[in-house]
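Right, one structure below, let's go through it.
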Amino acid sequence: MVTNPQSPYLPKTVEVVERIQETQTVFTLRLRFIDEGFSEQYRFQPGQFNMLYLYGVGEIPISIVSDPDGLPFIDHAIRVVGRVTKGMAKLKKGDRLGLRGPYGQGWPMDLARDKNLLVITGGLGCAPVVSAINYVIERRADFNKLTIMQGVKLPSDLVWRSRYEQWSQIPDTEIYLAADEGAANWPWHVGRVTELFDRMSLAPDTVAMLCGPEGMMRVCIKELVQRTIKEEFIFLSMERNMQCAVGSCGHCQFGPYFVCKDGPVFCYAKVKQLLAIKGV
Amino acid sequence: MNKRELEIKVPVLARVEGEGSLELLIEGEELREAKLSIFEPPRLFEKFLEGRHYTEVPDLVARICGICPVAYQMSAVHALEGLFDTRISEWIRAMRRVYYCGEWIESHALHIHLLALPDFLGYQSAPEMAKDHPLAVKRGLRIQALGNDLIKLFGGRSVNPVGAEVGGFSGAPTKKEVNTLYSRLDQCIDESAELLEWLLTFSLPESNQDFPGVSLRHEYEYPMNEGRLASSDGLNIPVDAFENHFVERQVPHSTAFQCYRDDKAYLVGPLARCVLNSQHLNKQVKTILDAAKLKLNVGNSYHSLIARAMEILHAASEAKDLLRNYVKPNTTREKIITKAGVAIAATEAPRGTLWHRYEIDADGLVCKARIVPPTSQNQARIEADLRHALTTLGLYRPEEELRFQAEQIIRNYDPCISCATHFLDLRVNRQ
Amino acid sequence: MDLYYLPRSGFSQLIDVLRNHAETIMVPKAQDGAMVFSELDPGEEIEAGWQEVQDAGRYSLEKTESPRWFKWATGPQALKPIVYPPREALWRVEKQGITFESVPESVPATAIIGVRACDLAALSLLDKHFLGSQFPDTAYKSRRDSLFIVAVDCARSAATCFCVSTGDGPSATQGFDIALSELEDGFVLRSGSARGESLLKGFSRANERQITLSEKQVDQAISMQTRQLPAQDLRSLINKSLESDAWEAIAARCLSCGNCTSVCPTCFCHSESALAELDGSSSTQYREWDSCFTQSHSYIHGIVIRSETATRYRQWFTHKLANWHEQYGRSGCVGCGRCISWCPVGIDITQEVATLNGN
Amino acid sequence: MMKPRLAVHKFTSCDGCQLAILNMGEELLTLADLVDIVHFAEAGPVEPEAQVDIAIVEGSVSTPDELERIKRVRENSNCLITIGACATTGGIQALRNHQDSSQWVSDIYPQAQFIQSLNTSTAIREHVRVDFELWGCPVNSRQVKAMLRSLLFGVSPIDEKSSLCLECKRQQNPCVVVTKQEPCMGPLTRTGCGALCPHFGKACFACYGPSETVNSHSLVKRYQGFGVSKEDMIRRFNHIQNNAAAYKESVINIARNFDE
Ligand SMILES: Cc1cc2nc3c(=O)[nH]c(=O)nc-3n(C[C@H](O)[C@H](O)[C@H](O)COP(=O)(O)OP(=O)(O)OC[C@H]3O[C@@H](n4cnc5c(N)ncnc54)[C@H](O)[C@@H]3O)c2cc1C
Ligand code: SF4
Ligand code: SF4
Ligand code: SF4
């Protein structure tokens with residue numbers, strides 16, 4: 001008779017220390033492990049993610065947006081889109097959920113050190129890169145110019161407007177925003193996000209970090225490559241359905257890769273071919 | 001004396017299967033109208049059976065009524081096998097009884113606990129009753145669950161089960177599956193006996209009306225799938241002769257079909273069965289009944305509560321006997337050679353005799369179908385009983401009391417209005 | 001290597017020895033028209049004579065006069081359902097305090113008789129998948145560790161078999177405790193592990209004739225195979241065909257039903273779901289076999305990445321024959337032919353490779 | 001906290017789907033603790049016009065009265081869930097939609113003028129907004145419990161729509177198409193029932209309705225190869241879920257292409 005040792009799928013209990021409503025559909029949960037001993041062992045890299053489990057409902061991958069030095073607190077910015085996220089939106093301070101992680105390969109912060117950093121997000125995807133932005137801002141002297149670009153459909157889609165305003169105040173930081181359609185209080189560009197590339201100067205040693213819909217990333221990468229950014233310096237965060245986050249369930253396969261363990265952050269040079277084909 | 005005019009309308013009858021309503025019109029000492037209106041929309045089953053292959057019939061007719069699908073399947077397969085001269089094996093015959101036992105147990109337990117007992121004990125619903133009588137309700141739900149599980153053994157699910165076929169069953173449970181269920185039967189038998197004993201302690205209202213009970217009767221067993229049609233006043237005919245003696249009519253005061261036997265209202269169902277077949281009832285059932293010194297009377301519809309509990313115990317014991325030495329056979333169905341002609345059979349649904357007739361063509365397709373469900377047979381009887389009971393109670397009584405009495409009478413019959421084949425929308429006839 | 005011989009009549013000796021090591025013994029049985037592994041009750045014997053006929057979308061059993069127990073080639077299952085059950089509980093959580101606990105499962109030591117070479121090859125692929133990562137799958141490991149494997153060399157191949165071309169059969173070379181070669185009147189046995197060897201020690205040695213016969217049989221099984229995959233690594237062929245029209249042509253036939261992935265002994269995709277008690281007091285997390293042929297497999301909010309059957313089939317095919325190389329160092333196909341037989345419309349992976357290859 | 005209020009409404013049906021609730025066994029009492037069952041005629045409480053959080057609707061719309069009644073149910077409920085084939089696609093009685101059903105009525109009823117029945121039997125969705133649909137004829141307690149549990153957690157229920165074959169294989173049933181050349185509808189039918197028919201060696205007859213991907217062309221061609229006739233094939237789609245879009249389309253395609 002053989003009995004199971006502890007399963008790698010077993011979450012740990014965490015508590016909501018704080019809940020911040022960022023926009024109508026985005027909220028941040030600040031979490032802390034109940035088990036302090038475990039909390040002390042827990043470490044992560046910017047760009048990694050956790051599996052968050054809502055009691056009785058389900059488990060979903062969510063990036064960590066807080067700084068690695070911010071432990072024991074772990075922040076997750078969650079956008080309400082469907083079943084689990086809708087349920088999580090109801091969590092209050094003091095509520096508990098399950099967490100396991102951290103998983104995956106984060107952003108190449110070491111590579112970006114002492115270089116220019118360009119962060120591009122589009123559509124609704126921005127949580128994964130926020131960790132990188134925060135990381136740089138906390139260690140501003142270690143990095144050169146920081147450029148943040150975001151394209152949205154409607155001005156109202158812009159999450160964290162106030163943060164953009166804050167970020168733009170930080171030295172050597174540039175913000176480029178574009179909305180497909182304008183609005184009264186939209187001081188930024190109206191049009192495609194790619195049109196913004198013509199307004200900025202990109203040094204060839206820029207490290208680019210992208211996150212957003214695959215179509216948007218494809219277009220942006222094309223612009224970057226044309227502007228002589230090295231393929232090895234372009235990084236993107238991929239999304240695929242994820243059930244287990246440890247390379248077991250097979251859902252997150254992207255070509256030969258498992259997004260959960262080989263990604264979610266991939267170097268463009270590595271996935272160039274795959275990205276060109278639809279439905280991979 | 002003041003002449004009282006009272007109109008009692010119960011727009012939706014609670015705790016009956018399907019939706020029906022009740023209308024009473026009382027003028028002074030006279031009960032002018034007592035109508036059990038059934039406004040279940042017609043689903044036209046007999047029409048869409050036309051053109052269907054005989055193999056589809058069991059799955060189609062099951063959907064006439066979610067409460068007693070096994071009965072519909074059994075009447076259909078027996079009718080068709082009769083026409084095709086199919087000889088079924090002993091195993092099939094026995095397992096069909098087990099399958100049917102499951103439906104009797106489930107249906108009766110559901111009726112007793114969820115529909116009827118709240119009346120006797122004064123609650124609106126079973127969950128409410130469970131607050132004061134948790135053990136009795138839970139026991140009832142367990143018995144009901146076991147009935148369901150017996151059906152599932154052969155049909156996969158208890159509502160619209162899938163295993164029954166013309167010729168036998170599509171498959172058979174494994175020995176292991178049967179054993180798991182078998183081991184629960186003893187407890188079910190004990191609990192059914194307790195249930196019967198408990199119900200026998202109720203003081204049931206006296207009533208003695210004069211009308212016949214009708215059911216199948218079989219030479220050596222309690223009737224389910226086979227037998228001749230018999231009545232408590234001496235009828236004894238083969239089921240093929242049903243149409244010579246029984247007619248369905250639209251009566252002037254109601255638009256629902258009502259079935260009469262030689263112009264008489266009659267009763268089908270557990271009470272009629274128990275009375276007509278008492279010699280084949282399980283010994284334990286008889287012993288308990290004798291000890292309680294109750295003589296079942298077809299003329300007292302309250303006795304059907306007892307009859308249902310008797311049949312639960314009987315069915316649980318019979319299922320146990322039939323499953324005792326279960327072996328999974330090599331073949332679970334007979335080969336069918338189709339033939340054109342008229343297929344007729346009746347079996348005993350939980351609520352009473354369910355009669356089917358099909359005309360089949362040479363390709364095995366249905367040309368015509370006619371189905372007479374138990375509730376349409378009891379309909380005239382229910383209305384007669386209503387008149388009698390309300391008059392006996394006294395028409396001067398307060399409305400609430402009359403209304404409760406009337407509803408309780410109706411529920412005694414466990415009318416299953418969902419067997420909607422023959423039912424019409426009544427409201428068009430209202431003035 | 002030492003080869004032993006056990007007459008058929010003496011096989012019960014082996015069963016007896018196995019019973020000392022295993023609580024459960026599984027043997028092939030004919031059930032509902034297919035050979036499946038099922039528990040051998042004490043006193044029960046393995047049924048002789050069963051043989052199957054397979055073709056694309058076809059599988060039927062025939063009872064022959066042969067005294068052989070392993071005349072059939074493959075059944076619908078390999079070892080996958082045993083080591084990786086179709087549905088299993090992963091953990092439980094109590095509402096009170098949101099506390100998580102593993103679902104304790106005790107796995108009986110199981111000896112399984114009649115495992116084919118392709119099944120063993122598939123098992124070692126599953127091992128790599130479930131155990132080779134940074135997060136070994138404990139539930140899989142317990143069941144894997146509980147197995148005692150008695151393999152059997154194929155004396156016959158089904159029309160759907162092509163293990164010769166994938167290099168995985170028809171005779172067992174690795175991953176077993178004991179392997180049998182079945183002759184008319186008995187078995188030539190060899191061990192593949194120390195515990196296998198210790199069980200066989202007492203048996204008598206096989207003679208020349210028996211050994212030659214058993215070798216000839218394997219040759220016969222080899223010669224019976226008509227299907228094959230090309231010998232070369234298919235990565236470059238597939239990777240350059242990702243935008244070929246071939247996928248649409250297959251999609252016209254493919255039902256996206258997932259039968260192929262379910263019977264494939266190496267497919268491992270699964271999904272998770274929470275099943276809470278009605279009263280909400282606790283919940284259990286389950287995983288169950290899933291397939292890359294479903295919408296939900298590639299669903300991310302608002303988008304189904306592989307919304308068309310063409311891309312789903314391509315995913316399956318590409319993963320199996322190309323990406324497996326990157327992930328686990330070899331192709332994910334062991335040549336068992338199950339996906340061919342059990343496809344309701346008879347799509348044949350070897351034929352599709354040939355088509356892609358321009359044949 | 002106030003318990004959520006629940007109503008179970010019946011339209012044209014066989015009552016079978018409600019039994020998924022009445023057959024829950026002891027969990028029926030748990031349910032009664034969790035929600036306030038304000039209308040459920042078969043179980044006792046009758047208050048059809050009550051305002052509720054969750055309305056469960058069984059049955060299709062087949063009478064003029066039902067046309068009106070469903071609007072009131074919608075107005076009175078926060079969340080409207082349909083259970084079963086009748087409510088979700090129109091049910092088996094939607095077979096009349098392809099016929100002259102007034103003729104059918106007069107064939108059955110001697111005084112057909114009394115019958116107030118529409119010429120069609122249609123899904124609830126065709127009349128009012130529906131928040132979630134549970135497929136199956138009948139739905140089972142497992143589905144209903146999972147649906148209710150999700151609603152009680154405040155999240156939407158899960159739609160199970162992949163092919164029955166996946167569930168069939170999880171049960172380890174040898175496929176009846178492959179072993180017996182039975183024309184099983186499993187590949188085109190959604191999961192939920194637990195693969196009951198193939199478990200008994202019987203071909204699935206699609207009582208759960210279309211799965212997410214319906215390639216009837218390929219499957220019909222295969223079954224044609226087994227000798228299944230055009231009429232037989234049409235009947236298999238034109239069955240319990242006859243009014244489901246994917247099956248209706250399949251019937252048209254078979255009628256058009258079968259003989260090619
Ligand atoms: C590596 C990674 C990091 C992510 N980080 C964040 C983040 O920081 N903030 C944030 O708001 N969202 C993030 N997402 C997306 C987030 O996981 C989905 O929005 C979420 O799973 C949707 O769940 P749902 O139940 O609300 O949606 P539904 O649309 O109801 O989805 C149903 C189920 O499908 C699966 N699913 C749906 N969308 C996705 C998806 N995009 N990725 C994986 N599985 C999915 C989940 O199992 C989900 O429960 C991330 C996704 C990935 C892969
Ligand atoms: S791909 Fe087909 S032949 Fe290859 S291992 Fe899987 S089921 Fe067997
Ligand atoms: S869907 Fe089927 S089981 Fe449910 S009510 Fe309609 S006919 Fe009955
Ligand atoms: S029996 Fe039917 S449901 Fe099961 S795998 Fe075969 S085709 Fe699919």
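Letters go in sequence order (proteins before strands), and every chain restarts at 1.
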Present all donor-acceptor pairs from chain A to chain D with distances below 3.5 Å, rounded to 0.1 Å.
residue	atom	partner	partner atom	Å
Arg83(A)	NE	Ser156(D)	O	2.6
Arg83(A)	NH2	Ser150(D)	OG	2.9
Lys90(A)	NZ	Gly154(D)	O	2.5

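Listed by first and then second residue, the salt bridge (Lys or Arg N to Asp or Glu O under 4.0 Å) pairs involving residues 28-46 of chain A are Arg30(A)-Asp75(A) (not counting sequence neighbours).
Glu214(A) meets the side-chain hydrogen bond (donor to acceptor under 3.5 Å, both in side chains) test with Arg240(A); sequence neighbours excluded. For Phe33(A), the ring-ring contact (aromatic ring centres under 6.0 Å, His included) test picks out Phe38(A), Tyr42(A), with sequence neighbours left out.
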